[in-house]
Amino acid sequence: MSTLKAVRGTRDLLPPETALWNHIEATARRVFARYNFGEIRTPIFEDTQLFARGVGEETDIVSKEMYTWEDRARAQSEKAQSLTLRPENTAGVVRAYIEHKLGETGMLQKLYYIGPQFRRERPQKGRYRQFYQIGAEVIGPHSAGSESPLRDAEVLEMLATLLDELGITGWTLALNSVGSASDRPRYIAALREALKDKVAQMCGDCQRRAETNPLRVLDCKVPEDQPIIDTLPQIADFLDDASRAHFTAVCEALAACGVKYEINPRLVRGLDYYTRTTFEFTHDGLGAQNALLGGGRYDGLSEMLGGPKAPGIGFAMGEDRLVLTLAALSAREAELADYFIAPLGESLNAPALELARALRQAGLRIEVGDGSFRLKKSFETGNKLARKIILLGEDEQQSGILTVKDFASGEQSKIARAELVKPSKE
RNA sequence: GCGGCUAUAGUUCAGAGGCAGAACGCCGGUCUGUGGCACCGGAUGUCGUGGGUUCGACCCCCACUAGCCGCCCCA
């Protein structure tokens, strides 16, 4: 009989790696809190229509990468509903914004989320079918300033701060504007027009893209196509005055904060809902999956989902990729316990557990051995698990004076139990 | 979804059509209240799964599964 395994593209996260995940999440929460974001948790599956309308029917995500199933109709009167494991979280957040009428507060909503997302893609390093994203959205009515370029710059500055505090060095920020909801169709039309008589000379992928999603032609990496792409119209020339002013203001605010960026006129994002500002933070050493995070502005998404006008900007970072990057930058060791308690004889097991309880209540990290171990084994085991060992024999139990040895220095000393049990200062 | 590479011990990996290997790790001993070092000894396993060729397959062939790399796309 074959043994059961985690299904393709999913995996178990185990210690000590989970410590790194917790570190990343704690750092993100701490940074987000300083910018006054609150946490939102949306369901892990939603009505399929949410993603079809929000993310875009023609995107790869929706057309071929979703985990979708028909929920069972429980009664004659009930229709089977098509449900989907969320492939991203922005649509869910905006759905919640609409559902709970958060716009009625008149306030800007600043929400972050941390959780699993699901896409049925071919797994690779840094790409999984269940993957984890940390993201945030700033969304609200126009009157709350949700369309201000200040919001874009603030989000980007926050991300630069977060990556810095995580200790990720060597990232680059690529920035672009894809224009307003009316700019983009005009540009796409011009692009199609320009491609008409050139596409025949381009690669097969581009010929397909020119039909399905002409913006993606700009992303083509085939060297022979580059000269042709250079002759294509640029989105920057199709921005209306308001969009151009918006983009300029974002760049100026970033410069004022000292956040380094590169304008990349070819940076278009795959999801239909993006307008104006789009951006991507990348890092070398992730192979083909070099994007750490991506995001942008989505001024029309709420309305696409049947809600009120609610401009917004947000991003999603790939937590799996942050972990990979951090692991490569610094190999983290398993954390050692403060003390390994070695009871000398089985009669001292219960007192050892009681001592462990007292030390743990004092805030210390404790491993307890077993009185049936030979002392040599206690030392060997203790040396792997803890920084110091406490010997608990009859003498120590009677006197309350513990024998403590430091594994690193080899120094051994007698310390009163009462001294060790004192709450550690935090 | 497409193309390429890979799958042998807990781990990293050698290996040859005829008894399954190394290093590290693990277990025991030298050493019954003192670890790391040293020495001695021990166990590692459905050789990814299922078929086929062969007297004989871990090796050759086919399929499947999974991982990695690239494409597509994206975080």
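Values below: every heavy atom of this structure, side chains too, minus hydrogens, waters and symmetry copies. Below, chain A is the first sequence line, B the second, and so on; all start at residue 1.
A:Ala408 comes within 4.0 angstrom of a nucleotide base, judged by non-hydrogen atoms across all strands. Counting non-hydrogen atoms under 4.0 angstrom, A:Asp320 reaches nothing in the nucleic acid. Base engagement by A:Thr403 is indicated by at least one non-hydrogen atom pair under 4.0 Å involving a base atom. Among the atoms of the strands shown, base atoms are found under 4.0 Å from some heavy atom of A:Gly410. Residue A:Tyr128 is classed as a base contact, given a heavy-atom separation below 4.0 Å to a base. Within the 4.0 angstrom heavy-atom criterion, no nucleotide atom of any strand lies near A:Ile389. Here A:Lys405 lies in heavy-atom contact (under 4.0 Å) with a base. Nucleic acid contact class of A:Leu344 (heavy atoms, under 4.0 Å, all strands): base. Residue-level contact check: A:Gly345 touches neither bases nor backbone, having no heavy atom under 4.0 Å from any strand. Using a 4.0 Å heavy-atom criterion, one finds that A:Gly126 contacts the bases of the nucleic acid, with or without backbone contacts as well.
Between A:Tyr132 atom OH and B:A75 atom P there is a gap of 18 Å when expressed in whole angstrom units. The separation between A:Asn383 atom CG and B:C26 atom P is 11 Å, rounded to whole Å. Look at CG on A:Leu392: it is 16 Å from P on B:U34, rounded to the nearest Å. In this structure, A:Glu394 atom CD and B:U32 atom C1' are separated by 16 Å, rounded to whole Å. If you measure from atom CG of A:Leu385 to atom P of B:G36, you get 15 Å, rounded to the nearest angstrom. The distance from atom CZ of A:Arg8 to atom C1' of B:G48 is 14 Å, rounded to the nearest whole Å. In this structure, the NZ atom of A:Lys5 is 14 Å from the P atom of B:U46, given to the nearest Å. The distance from atom CD of A:Glu65 to atom C1' of B:C71 is 13 Å, rounded to the nearest whole Å.
Of the residues near RNA chain B, A:Gly318 and A:Arg120, the one whose nearest nucleotide (by heavy atom distance) lies more toward the 5' end is A:Arg120. Sequence order on RNA chain B of the closest nucleotides to A:Glu319 and A:Gly9 puts A:Gly9 first from the 5' end.
Atom name P, nucleotides B:C24 and B:G41: the rounded distance is 15 Å, in whole Å. Rounded to whole Å, the separation between the C1' atoms of B:A23 and B:U53 comes to 36 Å. Annotation: B:A38 and B:A7 have their P atoms spaced 33 Å apart (nearest Å). Only the C1' atoms considered, B:G50 is 15 Å distant from B:A57, to the nearest whole Å. Rounded to whole Å, the P atom of B:G4 lies 15 Å from the corresponding atom of B:C61. The separation of B:U65 from B:G56, taken at their C1' atoms, amounts to 28 Å, rounded to a whole angstrom. When the C1' atom is compared between B:C64 and B:C27, the two are found 38 Å apart, to the nearest whole Å. Rounded to the nearest Å, the gap between the P atom of B:G45 and that of B:G10 is 6 Å.
Rounded to the nearest 0.5 Å, atoms CD (A:Glu137) and OH (A:Tyr298) are 3.5 Å apart.
A salt bridge links A:Arg387 with A:Asp338: the distance from a Lys NZ or Arg NE/NH1/NH2 to an Asp or Glu carboxylate oxygen falls below 4.0 Å.
Stacking between A:Phe407 and B:G35 is absent: the ring centroid is not both under 5.5 Å from the six-membered base ring centre and under 30° in plane angle.
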Inset, instruction - Take A:Thr282 and A:Thr172 through the side chain to side chain donor-acceptor pair (under 3.5 Å) test and state the conclusion after the steps. - result: CA-CA 5 Å; A:Thr282 56; A:Thr172 46; 2.9 Å; yes
Inset, instruction - Evaluate the criterion salt bridge (Lys or Arg N to Asp or Glu O under 4.0 Å) for residue pair A:Glu380 and A:Lys376; output intermediate values, then yes/no. - result: CA-CA 6 Å; A:Glu380 287 173 347; A:Lys376 175 188 165 75; 3.3 Å; yes
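Here the options are A:Arg11, A:Arg127, A:Lys125, the test is salt bridge (Lys or Arg N to Asp or Glu O under 4.0 Å), and the partner is A:Asp320; only A:Arg11 passes.
For B:C74, the OP1/OP2 oxygens have no side-chain nitrogen or oxygen of A:Arg127 closer than 4.0 Å. Close to B:G1, at under 4.0 Å from its OP1 or OP2, lies no side-chain N or O of A:Arg122. In this model, the phosphate group of B:A75 is not approached by any side-chain N or O of A:Arg321 to a distance below 4.0 Å at OP1 or OP2. For A:Gln412 and B:U34, the shortest distance from a side-chain N or O to OP1 or OP2 is not below 4.0 Å.
For B:U34, its base never sits under 3.5 Å from the side chain of A:Lys376 at any donor and acceptor pair. In terms of polar N and O atoms assigned as donor or acceptor, the side chain of A:Glu396 comes within less than 3.5 Å of the base of B:G33 in a complementary pairing.
Taking only side-chain atoms of A:Glu121, from C-beta outward, the nucleotide of B:A75, B:G35, B:C27 with the closest atom is B:A75. Between B:G33, B:C72, B:U32, one nucleotide has an atom nearer to the side chain of A:Gln124 than all others, and that is B:C72. Closest to the A:Lys377 side chain, of the nucleotides B:C69, B:C27, B:A75, is B:C27. Set against B:G29, B:C68, B:G33, the side chain of A:Arg374 has B:G29 as its closest nucleotide. Nearest to the side-chain atoms of A:Asp60 among the listed nucleotides B:C73, B:A75, B:U34 stands B:C73.
No donor-acceptor pair closer than 3.5 Å links the side chain of A:Thr275 to the backbone N or O of A:Ser180. Of the possible donor and acceptor atoms, one in the side chain of A:Arg129 sits under 3.5 Å from a partner among the backbone N and O of A:Glu121.
In a base pair of the Watson-Crick type (N1 to N3 plus N6-O4 or O6-N4) or a G-U wobble (N1-O2 and O6-N3), with each distance short of 3.5 Å, B:G33 is matched with no nucleotide. Using the Watson-Crick or G-U wobble rule with both distances under 3.5 Å, B:G25 pairs with nothing in any strand shown. Across all strands shown, the partner of B:U65 is B:A7, judged by Watson-Crick or G-U wobble contacts whose two distances both fall under 3.5 Å. Searching all strands for a Watson-Crick or G-U wobble partner of B:C60 with both distances below 3.5 Å returns B:G52. Remark: B:A43 base-pairs with no nucleotide; criterion is Watson-Crick or G-U wobble with both hydrogen-bond distances under 3.5 Å. Base pairing analysis places B:A14 opposite nothing; no Watson-Crick or G-U wobble pair with both distances below 3.5 Å involves it.
Stacking of A:Lys377 on the aromatic ring of A:Phe373 is recorded, both the 6.0 Å distance cut-off and the 45° axial limit being met.
Using cut-offs of 30° and 60° on the angle between ring planes, the pair A:Tyr112 and A:Phe32 is tilted.
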